[in-house]
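Just so it is clear, the structure is predicted and the values come from calculations on it, not from any experiment.
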Amino acid sequence: MAAMTDTTAPTLYETIGGAPVLRQMVDRFYDLMELEPEFAGIRSMHPASTDGSRDKLYFFLTGWMGGPDLYIEQFGHPRLRARHLPYAIGTGERDQWLRAMAWAMEDTGIEESLRVRLMESFYQTADWMRNKAD
């Protein structure tokens, strides 16, 4: 009998480096939002302390990338668009979010082809979040 081989492709969560790398990326994203004036628009949508926001994004991305469903376990279905409706999100806010995330991924050392793949998905989601005319 032939030995079975594992043909399961690694998840994005595994490919990115799991919890430590994802946490570092999310923390860098929020650090940039707090440090860089170009992200003032999206920073102003967050509470004074970003600790809860950091955790929620980390929890969400963990499950979204194929890791444990931390967000769903704690908060239920993400209802991403509904949760963002109270905030006026237009093209400028979308682009600030995407720029901060691209910068965070680069600073975290995410490999370029993976950054490109993730940015395509992030763009689709961020664009779908827009709820105001520009």
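Other residues, nucleotides and ligands contribute only 12 or fewer heavy atoms inside 6.0 Å of the CZ atom of R117. Heavy atoms from other residues, nucleotides or ligands lying under 6.0 Å from CD of Q74 number more than 12.
Between E38 and R99, some side-chain heavy-atom pair lies under the 4.5 Å cut-off. Side-chain contact between I16 and L61 is absent, with no heavy atoms from C-beta onward closer than 4.5 Å. Put simply, the side chain of M25 reaches to within 4.5 Å of the side chain of L22, judged on heavy atoms. Side-chain contact between S121 and W64: present, with at least one pair of heavy atoms (C-beta onward) separated by less than 4.5 Å.
Cluster annotation: M45 and L85 are assigned to distinct hydrophobic clusters (Ile/Leu/Val/Met/Phe/Trp/Tyr, side-chain heavy-atom contacts under 4.5 Å, transitive). Two different hydrophobic clusters hold M65 and V116 under the rule that ILVMFWY side chains link at heavy-atom gaps under 4.5 Å.
Residue pairs that meet the salt bridge (Lys or Arg N to Asp or Glu O under 4.0 Å) test with at least one member in residues 58-77, sequence neighbours left out, do not exist here. Judged as a ring pair (Phe, Tyr, Trp, His ring centres under 6.0 Å), the pairs with a partner in residues 75-98 (not counting sequence neighbours) are, in order, F29-W97, Y71-F75, W97-F122.
Applying the salt bridge (charged side-chain N to carboxylate O under 4.0 Å, His left out) rule to R28 yields the partners D107; only residues at least two apart in sequence or on another chain are considered. Applying the salt bridge (charged side-chain N to carboxylate O under 4.0 Å, His left out) rule to R81 yields no partners; only residues at least two apart in sequence or on another chain are considered. Annotation: side-chain contact (heavy atoms from CB on, under 4.5 Å) contacts of P86 (sequence neighbours excluded): none. Qualifying side chain to side chain donor-acceptor pair (under 3.5 Å) partners for S113, counting only residues two or more places apart in sequence or in other chains: E111. For T50, the side chain to side chain donor-acceptor pair (under 3.5 Å) partners are E34, R54, not counting sequence neighbours. A19 is linked by a side-chain contact (heavy atoms from CB on, under 4.5 Å) to Y13, Y58, counting only residues two or more places apart in sequence or in another chain. Taking the side chain to side chain donor-acceptor pair (under 3.5 Å) definition, one finds that D127 meets it with R94, R130, sequence neighbours left out. Here S53 pairs with Y30, H46, P47 under the side-chain contact (heavy atoms from CB on, under 4.5 Å) rule; sequence neighbours left out. Every side-chain contact (heavy atoms from CB on, under 4.5 Å) that Q24 has, sequence neighbours left out, goes to T108. The side chain to side chain donor-acceptor pair (under 3.5 Å) search around T91 returns D134, not counting sequence neighbours.
With respect to K56 and D51, no salt bridge is recorded, no charged nitrogen being found less than 4.0 Å from a carboxylate O. The pair R23-D27 meets the salt-bridge criterion, since a charged nitrogen lies less than 4.0 angstrom from a carboxylate oxygen. Between R43 and E36, none of the side-chain N atoms (NZ, or NE/NH1/NH2) sits under 4.0 Å from a carboxylate O, so this pair counts as no salt bridge.
The two residues P78 and I72 have their closest heavy-atom pair at CD-CG1, 4.1 Å. The heavy-atom pair separating T62 from P68 by the smallest distance is CG2-O, 3.2 Å. The two residues G66 and T11 have their closest heavy-atom pair at O-CG2, 3.8 Å.
Of the possible donor and acceptor atoms, one in the side chain of R115 sits under 3.5 Å from a partner among the backbone N and O of I110. No donor-acceptor pair closer than 3.5 Å links the side chain of E93 to the backbone N or O of I42.
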Test M119 against L98 for side-chain contact (heavy atoms from CB on, under 4.5 Å), laying out the working first.
CA-CA 8 Å; M119 284 305 294; L98 291 168; 3.9 Å; yes

Hey, mind stepping through F60 and R83 against side-chain contact (heavy atoms from CB on, under 4.5 Å) and telling me if it holds?
CA-CA 13 Å; F60 173 78; R83 290 184 197 269; over 6 Å; no

Check against side-chain contact (heavy atoms from CB on, under 4.5 Å), L12 and L114:
CA-CA 9 Å; L12 278 172; L114 182 54; 3.5 Å; yes

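Interatomic distance, CE of M33 versus CE of M101, reported as 8.0 Å (0.5 Å rounding).
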